[in-house]
*Asks:* 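Sharing a structure below in structure tokens format, with a few things to ask.
We count residues from 1, following the sequence as given.
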Amino acid sequence: MGCCSGRCVLMFLCVLQMITALERQVFDFLGYQWAPIMVNFLQILMVMFGLFGTIQYRPRYVIMYLLWTLLWVGWNVFVSCLYLDLGELSKDSNLLTVGVSSHQSWWKENGPGCDGRNPPSTGWQSYENPELINALGCWLEYQYIEVLHCIVQLIVSLLGFVYACYVVSTYTDEDHSLHFIGEYHNPSKPSQLFF
């Protein structure tokens, strides 16, 4: 096994997916976003299955990871559309909190460069709109940070999907060329083992 084989790359991508999913899980917990918390937990679990299947040469686990990756890609596309207000979706809806709490994304009040609720000048003191005040001091609005999280997840997931397909195909090719006791079986020669 070489250091840059498909199997090693898939293991690296699984570890990277686990790290990014854990990071996302932390910020979803801080924002009380219950639907993403549940889906991120399933993502971490399925990536562990994929990693285990890759390390232990278990194609069924890698196939389960492949199928989950398709759902994960769909989830990230949905969350991106939600935060970008595409179609009938709205970032102000309670879809991500499952209606349990009235919290929003943690990045809404704690984004990079946001200076809290202090308006930049005294002329803005008369406006009480929190959306306007939050957007004034932030380097990047919270919905774009959430979409960037989704884009990172999509890129790593799609790469993981491609390498998982490759790994499953190499595992199944190896299964056809090895006998059940580990010896090489040439299909043109009859086997010496009869049951």
*Asks:* Does CZ in Phe78 sit with more than 12 non-hydrogen atoms of other residues, nucleotides or ligands closer than 6.0 Å?
*Replies:*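 Yes, the 6.0 Å shell around CZ holds more than 12 heavy atoms from other groups.
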*Asks:* To the nearest 0.5 Å, what is the distance between CG on Leu86 and OG on Ser80?
*Replies:*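 It comes to 9.0 Å.
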*Asks:* With a 4.5 Å limit on heavy-atom distance, are the side chains of His149 and Ile145 in contact?
*Replies:*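 Yes; the side chains approach each other to less than 4.5 Å.
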*Asks:* Is it true that Leu10 and Phe52 fall in one hydrophobic cluster, defined by side-chain heavy atoms closer than 4.5 Å?
*Replies:* yes
*Asks:* Under 3.5 Å, side chain of Tyr144 to main-chain N/O of Tyr83, donor-acceptor pair present?
*Replies:* no
*Asks:* Taking atom CG of Leu42 and atom CG of Leu71, what is their separation to the nearest 0.5 Å?
*Replies:*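 CG of Leu71 is found 9.5 Å from CG of Leu42.
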*Asks:* Out of curiosity, Leu13 CG to Cys8 SG, how far, rounded to the nearest 0.5 Å?
*Replies:* 11.0 Å
*Asks:* Any side-chain heavy-atom pair from Leu22 and Val26 closer than 4.5 angstrom?
*Replies:* no
*Asks:* Between Phe29 and Trp34, how do the two ring planes meet: parallel, tilted or perpendicular, split at 30° and 60°?
*Replies:* perpendicular
*Asks:* State yes or no: do Val39 and Val77 share one hydrophobic cluster built from I, L, V, M, F, W and Y residues joined by side-chain heavy-atom distances below 4.5 Å, directly or via other members?
*Replies:*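 Looking at the clustering, Val77 is in a separate group from Val39.
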*Asks:* For atom CZ of Phe41, is the number of surrounding heavy atoms from other residues, nucleotides or ligands below 6.0 Å larger than 12?
*Replies:*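 Atom CZ in Phe41 is not crowded, with 12 or fewer foreign heavy atoms closer than 6.0 Å.
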*Asks:* Answer with yes or no whether the hydrophobic clustering places Met48 together with Tyr57; edges join I, L, V, M, F, W, Y residues whose side-chain heavy atoms lie under 4.5 Å apart.
*Replies:*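 Same cluster: Met48 reaches Tyr57 through Ile, Leu, Val, Met, Phe, Trp or Tyr contacts under 4.5 Å.
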*Asks:* Show the nearest heavy-atom pair for residues Cys14 and Gly50, with the distance to one decimal.
*Replies:*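 Of all heavy-atom pairs spanning Cys14 and Gly50, the closest is SG-C, 4.2 Å.
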*Asks:* Rounded to the nearest 0.5 Å, how far apart are CG of Asp28 and CD1 of Ile37?
*Replies:*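 Here the rounded value is 6.0 Å.
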*Asks:* Run Tyr65 and Trp68 through ring-ring contact (aromatic ring centres under 6.0 Å, His included) and show every step you take.
*Replies:* CA-CA 5 Å; Tyr65 164 78; Trp68 171 256; 9.7 Å; no
*Asks:* Return the minimal non-hydrogen interatomic distance between Val62 and Gly53, and the atom names on each side.
*Replies:* CG2-C, 3.6 Å
*Asks:* So which heavy atom on Val73 is nearest to which on Ser157, and how close?
*Replies:* CG2-CB, 4.1 Å
*Asks:* Taking Arg7 for the side chain and Val167 for the main chain, is one N or O donor matched with an acceptor at less than 3.5 Å?
*Replies:*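 Not at all, since once roles are kept as given, no pair shorter than 3.5 Å links the two residues.
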*Asks:* Measure across Leu66 and Cys165 and return the closest heavy-atom pair with its distance rounded to 0.1 Å.
*Replies:*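 It is CD2-SG, 3.7 Å.
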*Asks:* Starting at CD of Gln153, measure out to OG1 of Thr20 and round the result to the nearest 0.5 Å.
*Replies:* 3.5 Å
*Asks:* Quick one: CD on Gln143 to CG on Asp85, what's the gap to the nearest 0.5 Å?
*Replies:* 7.5 Å
*Asks:* At their closest point, which heavy atom of Pro36 faces which heavy atom of Gln25, and how far apart are they?
*Replies:* O-OE1, 3.9 Å
*Asks:* Return yes when atom CD of Glu88 has more than 12 non-hydrogen atoms of other residues, nucleotides or ligands closer than 6.0 Å, and no otherwise.
*Replies:* no
*Asks:* Over 60° means perpendicular and under 30° means parallel, so tell me whether Phe49 and Tyr61 are parallel, tilted or perpendicular.
*Replies:*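 Judged by the thresholds at 30° and 60°, the geometry between Phe49 and Tyr61 is parallel.
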*Asks:* Verify the cluster assignment for Leu70 and Trp75: are they in a single hydrophobic cluster under the rule of side-chain heavy atoms below 4.5 Å apart?
*Replies:*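 Per the 4.5 Å side-chain linkage, Leu70 and Trp75 are co-clustered.
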*Asks:* When you group the ILVMFWY residues by side-chain heavy-atom contacts below 4.5 Å and let the links chain together, are Phe27 and Val156 in the same group?
*Replies:* yes
*Asks:* If we only count heavy atoms from C-beta on, is the Thr69 to Met64 side-chain gap below 4.5 Å?
*Replies:*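 The answer is no; the side chains never approach within 4.5 Å.
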